[in-house]
Amino acid sequence: MARVASVALLTPLPQLDRVLEYAIPEPLQASIAVGVRVRAPLRTGGRVVEGFVLALAEESSYEGKLAELVSVVSPVPVLTPEIAELAREVANRQAGTLNDVLRLAVPARSARFEAAWWEARCAGSAPETGGIRHAVDGDSDATEAVPRERAFRAAPHGVRSDGTPRALAAILDAALADLSHGESVIVAVPDFREVELALRYLSTRADERLVRRMDARLKPKERARHFLACLEGTPVIAIGTRSALYAPVTKLASIYIWDDDDDSFTEPLAPYAHTRDVALLRQQLTGCRLVFSSYVPSAAVVRLIDMGWLTAHDDRQVNLPRVVISEHVLGEDDRLQHARIPSYAWRRAREALSSSNVLMQVGRAGYAPALVCEGCGERVTCRSCGTFLGQPRKDALPRCRVCGRDYMRWSCLHCGSERARPSGSGVHRTVEELGRAFPGATLVVADGEHERVSVSGTGNLVVATRGTAPIAPSGYACVILLDTGSMLLREGLDVVLDALHGWAAAAALCADDGEVFVAGSEHPATIALRDHSELALVREELQARRALSFPPTVRVAEVHGTRAEVEHALERLGEQHELDILGPLTDEDGTSRALVRMSYANARTLVPAMKAELVRAATSRPAPLPGKRRAAGSTLRIRLDPPHAF
DNA sequence: AGCACGCCGACT
DNA sequence: GTCGGCGTGCTC
């Protein structure tokens, strides 16, 4: 009989991120199990904290006297050994705590639902599963010797007549095949739109009880329902967003990641693990198949291809859309001039609207991305942060795009004028201009504020920002990409790849016999889109980054906190490691940040050292600041591989 | 986080 | 001689 439980405590303190042993009092013997949630005492203050049982044993390996567990919160073993191990790996990779990962991996308890579910289980209402068995209960299936494939697949373009993108259907067909072999699948997609498209596709092809949805939009009870169903032991397709990677499914055959470069896959909560990395860790842990699929591979995926870790396949069909690059010419029709549309594209779009739909992708949201002074033509800037003011809606007040502040009154710093006019066009102004260029068309706006999954019928002229385009069944006869030049003018390491990614996503919504017009000039990125040679462009970009030690060819840690904390942490880390440090720079709010670059090999020792440094910072008193006597906790934070750091 | 242990200044 | 300051360290 097990007398000792190893428990991971659910406390945010990095110094308590370890496994403590507790004695199991007699009354808890009946309900305790590996994976259950328990309450455990912590000496100081008679505090009681929650935790998960990670293991049970006869004997203690701790020489001191064990405290007794207080209670079992719920007898349901919600934390399977596989997920516990995955969470530990994720925490280690990110210099974070197990607790932080478990918060993402195990949904909040829905007590009443969980109790009812457990009672139904115990009553043996499901003879086919015969009670709870964890996924890794031995050599139950024959996954052993043969390593499963790890691949990148360049996704097929186009949209089926039922409105499902072919790329998504290809993934779901593969998932259904795995399911038919009696194994589980995880499918991760960027957001709820793809989840809904996928569920619709699967609804006619799989028993709905075998499809489990995991995304943040679910209400707590629904989340619990789908989560607990994964524990039942029946193979399922778990489809969802970031959290799907933590689904405790049984017999995991495959993980499919759709469009791993989408920003939605960066976890906004500590320890900020990217879905791609969680997938890689889970693959290594379980040996399952792992397939990344997207129209354009991410730089991270190309790195893995070049290392030989992923094999690349091209699933694109021969009927890739024709892509035409053309600039609009001065002296063209005035309406086109305003709408920034090349006249050739305009003629084709007009024809297309009679029998199909047209998509225009615009580079900027809002009404006007910038305002200029009517007196002197200078750009209008924000007084507090110095960036340019824009206009979110026609006739709306000027608003700072960075700090969000609205300006009731404004006067030009250069000439004193109080009048400004819009400069450039966001979606809304583009719609206004298009109304004139396409009289009679039904204008549909899709941006972050107007979410639309699809359009139906014909004659729709859809104006969308990047990543928000609705899907037209069978595709758009004509896709026009506006503002390509200005998108490439932005600052940042990822500008070119981000732009290409967004264009490719819109181009892929084109009908098989349709055309894509790039309104702009020839640039390596627009040429790659035209020639369907995206992989080569990303590879070139990756090589350039390798030469300059930019991610993803190196790992990056962002060290953040007070100037003293950051400098102290870097100094201590520098005592034992060779550090490549950029910064620290101090922000307006008084906090400092530095970037530390490291090779993947060096990260294996440096990241644990960073975790140790966080523990040290949390336990030792902060250096006494002159003036302030507050002994506040440490504000040192370390974020690994922050997106868009350069 | 909390809270106990521990070694130096002004008090009945 | 003690009460108490909060610096340091620990939590099974």
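Quick note: numbers below take in every heavy atom, side chains included, and nothing from hydrogens, waters or symmetry partners. Within every chain, numbering begins at 1; the chains are lettered A, B, ... in the order of the sequence lines, protein sequences first and strands thereafter.
Partners of A:L210 by side-chain contact (heavy atoms from CB on, under 4.5 Å), not counting sequence neighbours, listed by chain and number: A:L179, A:D207, A:T234. For the side-chain contact (heavy atoms from CB on, under 4.5 Å) test, residues two or more places apart in sequence or in another chain that qualify with A:A91 are A:R88, A:V101. The side-chain contact (heavy atoms from CB on, under 4.5 Å) test applied to A:T605 returns A:H577, not counting sequence neighbours. Residues meeting the side chain to side chain donor-acceptor pair (under 3.5 Å) test with A:R399, sequence neighbours left out: A:D406. A:A612 meets the side-chain contact (heavy atoms from CB on, under 4.5 Å) test with no other residue; sequence neighbours excluded.
Per the geometry, CG belonging to A:L42 stands 9 Å off C1' belonging to C:dC12, to the nearest Å. The interatomic distance linking A:R3 (CZ) with C:dC12 (C1') rounds to 17 Å, in whole Å. Following rounding to the nearest Å, A:R39 (CZ) and C:dT11 (P) show an atom-to-atom distance of 21 Å.
The ring-ring contact (aromatic ring centres under 6.0 Å, His included) analysis of residues 228-268 of chain A, with sequence neighbours excluded, yields the pairs A:W258-A:Y295.
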Show me the donor-acceptor pairs, under 3.5 Å and distance only, between side chains in residues 550-557 of chain A and residues at least two apart or in other chains.
residue: A:T553; atom: OG1; partner: A:F550; partner atom: O; Å: 2.6
residue: A:R555; atom: NE; partner: A:D641; partner atom: OD2; Å: 2.9
residue: A:R555; atom: NH2; partner: A:R93; partner atom: O; Å: 3.1
residue: A:R555; atom: NH2; partner: A:D641; partner atom: OD2; Å: 2.8

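Between the side chain of A:R43 and the base of B:dA4, no donor-acceptor pair of N or O atoms lies under 3.5 Å.
Using a 4.0 Å cutoff on non-hydrogen atoms, no part of residues 51-68 of chain A comes near DNA chain B. Listed by residue number, the members of residues 8-27 of chain A with any heavy atom below 4.0 angstrom from DNA chain B are A:L13, A:Q15.
The cationic group of A:R303 lies under 6.0 Å from the six-membered ring centre of A:Y600 and within 45° of the ring axis, placing it in a cation-pi geometry.
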